[in-house]
Amino acid sequence: MQTLIACLCLLILSFVSPCLCGMWIVGTENRTYNVIDYGAHGDGKSDDSEAFVSAWNATCGAEEASTLLIPPNGKFLVKVINFRGPCNATSVNIQLQGRIVAPAMDEWPRGLTNNEITNLIVISNVSSLSINGSGGSIDGYGSSWWQCTNCYRPTILRFRYCSDLTVFNLNITNSPKAHIRVNGCENATFSNITIHSPGDSPNTDGFDIYTSKNILIQNSTIACGDDCIAISGGSSYINATGIACGPGHGISIGSLGRNQAYDTVEEVYVKNCSFTNTENGARIKTVPGGSGYARNITFENITLTQARNPIIIDQYYDRKYLTNASVKVSDVTFSRFNGTSEKELAITLNCSSSGCFNIALDHINIVSAQPEKPVSCFCNNAHGTATSTEE
Ligand SMILES: *[C@@H]1O[C@H](CO)[C@@H](O)[C@H](O)[C@H]1NC(C)=O
Ligand SMILES: *[C@@H]1O[C@H](CO)[C@@H](O)[C@H](O)[C@H]1NC(C)=O
Ligand SMILES: *[C@@H]1O[C@H](CO)[C@@H](O)[C@H](O)[C@H]1NC(C)=O
Ligand SMILES: *[C@@H]1O[C@H](CO)[C@@H](O)[C@H](O)[C@H]1NC(C)=O
Ligand SMILES: *[C@@H]1O[C@H](CO)[C@@H](O)[C@H](O)[C@H]1NC(C)=O
Ligand SMILES: *[C@@H]1O[C@H](CO)[C@@H](O)[C@H](O)[C@H]1NC(C)=O
Ligand SMILES: *[C@@H]1O[C@H](CO)[C@@H](O)[C@H](O)[C@H]1NC(C)=O
Ligand SMILES: *[C@@H]1O[C@H](CO)[C@@H](O)[C@H](O)[C@H]1NC(C)=O
Ligand SMILES: *[C@@H]1O[C@H](CO)[C@@H](O)[C@H](O)[C@H]1NC(C)=O
Ligand SMILES: *[C@@H]1O[C@H](CO)[C@@H](O)[C@H](O)[C@H]1NC(C)=O
Ligand SMILES: *[C@@H]1O[C@H](CO)[C@@H](O)[C@H](O)[C@H]1NC(C)=O
Ligand SMILES: *[C@@H]1O[C@H](CO)[C@@H](O)[C@H](O)[C@H]1NC(C)=O
């Protein structure tokens with residue numbers, strides 16, 4: 001009897017709405033799991049971590065597409081949460097409409113030394129995940145940590161081993177350390193991300209990308225106390241487009257080769273970005289004693305406003321080992337840079353004794369931020385070309 005009714009319904013539906021019926025027949029559902037239904041309080045005081053993880057587990061375990069909802073109007077205090085995959089759900093969506101806040105340093109869970117659990121939100125081994133941060137925000141309460149520069153400080157949002165990831169309209173502020181870390185990921189797009197921390201907050205990178213491939217960060221505003229974007233070892237095909245960086249330390253490749261590591265970075269495209277009151281602009285930094293390479297890197301159409309070190313290759317970063325060994329830097333293009341340098345020294349190409357090769361400077365128009373002052377360039381072991389370059 002029930003079967004008959006179901007059949008009738010289907011028949012009627014297919015008559016009224018073939019589209020809806022099609023969806024029904026292939027069984028596509030998109031269930032929403034609201035953290036409130038899993039016990040979250042959203043009062044800014046109760047620890048909602050467990051409710052978030054329970055709701056995540058349900059979302060991740062769903063059979064079809066599913067959505068985790070963090071509803072508006074709530075202020076959700078979470079401590080250390082792990083959203084683990086792989087998921088049964090074919091695609092997972094996180095709607096962040098409320099505010100997530102981290103505890104103060106004193107209330108952070110103690111005795112956790114493992115990397116994985118000392119960050120605020122860790123999402124691992126998930127594919128086909130999208131995060132829509134419209135209306136919501138994440139605040140890391142970094143001010144309670146920044147004076148403790150030697151503490152092991154957490155990252156706010158970390159992605160590990162994710163593929164087919166899309167994050168957009170996310171507002172993330174005041175991380176104790178890096179705001180967003182991405183490692184072991186492939187095919188990720190971050191759009192319209194707003195990152196905000198004071199220019200003097202220590203080590204608060206905007207994005208830290210390493211061992212990842214095909215990552216795009218676009219149309220985002222990053223103000224922080226360290227690199228707006230740092231691209232480290234094991235990364236390739238990383239694009240940053242339409243980034244307004246400042247304050248901060250610019251967009252950096254590296255540091256590479258730290259502790260005599262073998263590091264590689266290749267195929268990086270940074271374009272249509274601005275650096276405003278930043279410590280650096282376009283930077284490549286390698287540590288003596290390392291090996292590997294940084295190659296096929298392009299910085300293009302960059303606007304500078306009172307940037308210090310607008311263009312810098314520094315192969316003597318954090319000099320600890322007295323050795324000639326170094327990460328090889330080659331095939332680097334700096335093209336269409338326009339604007340003002342805070343210091344007289346606008347371009348530094350300080351390569352290791354083995355040299356940097358095929359470094360191209362093209363249409364570089366950098367003037368001093370102080371009227372009438374000249375700017376200069378320092379080159380050491382750099383080989384390449386400079387065209388239409390005026391300073
Ligand atoms: C969520 O699932 C993980 C396994 O993926 C499990 O270890 C954890 O206990 C679950 N947590 C909750 C609150 O259900
Ligand atoms: C996925 O489905 C299997 C089989 O039903 C189940 O054993 C497993 O716990 C589910 N995984 C998650 C993350 O819920
Ligand atoms: C599921 O629903 C959410 C919220 O409405 C939406 O953002 C998401 O794109 C949907 N996912 C699929 C696969 O339709
Ligand atoms: C997560 O992915 C990594 C890298 O592929 C793998 O080593 C690890 O076993 C995965 N973890 C789970 C729980 O699937
Ligand atoms: C960017 O994200 C913010 C929320 O962080 C949102 O208010 C704004 O509308 C988004 N802009 C675009 C162009 O989507
Ligand atoms: C980001 O969120 C913070 C609160 O966490 C808020 O003060 C700020 O106005 C938000 N910025 C944007 C661009 O929405
Ligand atoms: C990443 O995208 C490329 C191109 O669409 C695809 O070939 C590759 O399989 C994807 N990688 C993963 C891990 O999904
Ligand atoms: C990165 O930029 C390059 C050069 O503009 C382009 O060919 C490539 O498709 C872009 N990749 C992504 C993931 O946006
Ligand atoms: C990013 O900004 C560019 C230029 O303003 C625009 O063409 C593009 O549609 C934007 N992309 C997204 C995903 O917002
Ligand atoms: C150069 O970058 C700026 C953003 O800094 C953008 O508005 C402009 O459209 C870009 N120009 C070209 C030719 O892409
Ligand atoms: C890297 O740059 C070299 C020199 O410009 C070029 O020959 C090579 O094709 C580039 N590699 C890729 C994968 O684009
Ligand atoms: C460079 O800046 C000058 C002065 O602001 C402006 O007139 C010119 O159009 C800019 N060129 C580019 C390529 O952005």
Between Ser368 (side chain) and Gln370 (backbone), is there a donor-acceptor pair under 3.5 Å?
yes

Evaluate the side-chain proximity of Arg308 to Ser341: yes if any heavy-atom separation is below 4.5 Å, no if none is.
no

Can you tell me how the ring of Phe299 sits relative to the ring of Phe334, calling it parallel under 30°, perpendicular over 60° and tilted otherwise?
parallel

Sequence neighbours excluded, which residues qualify as ring pair (Phe, Tyr, Trp, His ring centres under 6.0 Å) partners of His41?
none

Looking only at heavy atoms, which two atoms of Gly42 and Asp48 are closest? And how far apart?
N-OD2, 2.9 Å

List the atom of Val375, the atom of Ala346, and the distance in Å for their closest heavy-atom pair.
CB-CB, 4.1 Å

Residue among Ile193, Thr194, Ile229 satisfying side-chain contact (heavy atoms from CB on, under 4.5 Å) with Ser220
Ile193

Does one side chain, of Thr348 or Asn350, offer a donor that lies under 3.5 Å from an acceptor on the other?
no

Do Ile70 and Gln95 make a side-chain contact, defined as non-hydrogen atoms from C-beta onward lying under 4.5 Å apart?
no

How far apart are the C-alpha atoms of Ser134 and Asn169, what are their side-chain angles, what is the distance that settles it, and do they pass the side chain to side chain donor-acceptor pair (under 3.5 Å) test?
CA-CA 5 Å; Ser134 289; Asn169 299 0; 2.9 Å; yes

Output every pair passing disulfide (SG to SG under 2.5 Å) with a member in residues 235-269, not counting sequence neighbours, ordered by first then second residue.
Cys228-Cys245

Check the hydrophobic clustering (I, L, V, M, F, W, Y; side-chain heavy atoms under 4.5 Å; chains of links allowed) and say if Val53 and Leu129 are grouped together.
yes

I'd like to know if the side chain of Thr298 and the backbone of Tyr269 have a donor-acceptor N/O pair within less than 3.5 Å.
no

Taking Val101 as the starting point, is it possible to reach Val80 by hopping between hydrophobic residues whose side chains are less than 4.5 Å apart?
no

Any side-chain donor near an acceptor of the partner, Ser255 and Arg258, under 3.5 Å:
yes

Within the distance-only criterion (no hydrogens, no angle test), does the side chain of Gln315 pair as donor or acceptor with the backbone N or O of Ser352 below 3.5 angstrom?
yes

For Asn174, is there any backbone N or O sitting under 3.5 Å from a side-chain donor or acceptor partner on Ser197?
yes

Would you call the rings of Phe357 and His383 parallel, tilted or perpendicular, where under 30° means parallel and over 60° means perpendicular?
parallel

Ile131 and Ile123: side-chain contact (heavy atoms from CB on, under 4.5 Å), yes or no, with the steps?
CA-CA 11 Å; Ile131 301 181; Ile123 301 179; 4.0 Å; yes

Do Leu170 and Ile121 sit in the same hydrophobic cluster, where Ile, Leu, Val, Met, Phe, Trp and Tyr count as joined when their side-chain heavy atoms come under 4.5 Å apart?
yes

Can you confirm whether more than 12 heavy atoms, excluding those of Glu344, are under 6.0 Å from its CD atom?
yes

Side chain proximity check, Pro198 to Trp146, heavy atoms < 4.5 angstrom
yes

For the pair Trp56 (side chain) and Arg84 (backbone), establish whether a donor and an acceptor sit closer than 3.5 Å, ignoring hydrogens and angles.
yes

Are the side chain of Tyr38 and the backbone of Ala58 linked by a donor-acceptor contact shorter than 3.5 Å?
no

Before you tell me yes or no, could you show the steps for Asp227 and Arg283 under salt bridge (charged side-chain N to carboxylate O under 4.0 Å, His left out), namely the whole-Å CA-CA distance, both residues' side-chain angles and the distance that decides it to 0.1 Å?
CA-CA 10 Å; Asp227 294 325; Arg283 173 161 69 156; 2.9 Å; yes

Donor on one side chain, acceptor on other, Asn219 and Asn192, under 3.5 Å
no

Leu120 side chain near Ile138 side chain, heavy-atom distance below 4.5 Å:
yes

Please check if any side-chain donor atom of Asn296 sits under 3.5 Å from a side-chain acceptor atom of Glu267, or the reverse.
yes

Taking the side chain as C-beta and beyond, is there a heavy-atom pair between Cys60 and Asn88 under 4.5 Å?
no

Would you check, one step at a time, whether the test salt bridge (charged side-chain N to carboxylate O under 4.0 Å, His left out) holds for Asp43 with Lys75?
CA-CA 6 Å; Asp43 58 8; Lys75 181 175 167 190; over 6 Å; no

Ile94 versus Thr67: any side-chain heavy-atom pair under 4.5 Å?
no

Cys351 to Asn381 - nearest heavy-atom pair and separation:
O-ND2, 3.3 Å

For a quick test of your reading: what N or O donor-acceptor pairs under 3.5 Å do the side chains of residues 236-244 make, sequence neighbours left out?
none

Taking the side chain as C-beta and beyond, is there a heavy-atom pair between Pro176 and Ile156 under 4.5 Å?
yes

Under 4.5 Å between side-chain heavy atoms, counting indirect links through other Ile/Leu/Val/Met/Phe/Trp/Tyr residues: same cluster for Val78 and Leu96 or not?
yes

If only atom types and distance count, is the side chain of Ser212 paired as donor or acceptor with the main-chain N or O of Tyr210 below 3.5 Å?
yes

Crowding at NZ, Lys213 (>12 non-hydrogen neighbours, <6.0 Å)
no

Residue Tyr33 excluded, over 12 heavy atoms near OH under 6.0 Å
yes

Is a side-chain N or O of Asn309 found less than 3.5 angstrom from the main chain of Ile311, in a donor-acceptor match?
no

Spell out, as yes or no, whether a donor-acceptor pair under 3.5 Å connects the side chain of Thr278 to the backbone of Asn280.
yes

Would you say CD of Glu50 has more than 12 non-hydrogen atoms from neighbouring residues, nucleotides or ligands within 6.0 angstrom?
no

With a 3.5 Å cut-off and no angle check, do the side chains of Asp164 and Ser128 form a donor-acceptor pair?
yes

Can you check whether Cys148 reaches Met105 side chain to side chain, under 4.5 Å on heavy atoms?
yes

Hydrophobic cluster membership, Val287 vs Leu349, 4.5 Å side-chain cutoff:
no

Would you say Ser175's side chain and Lys177's backbone share a donor-acceptor pair under 3.5 angstrom?
yes

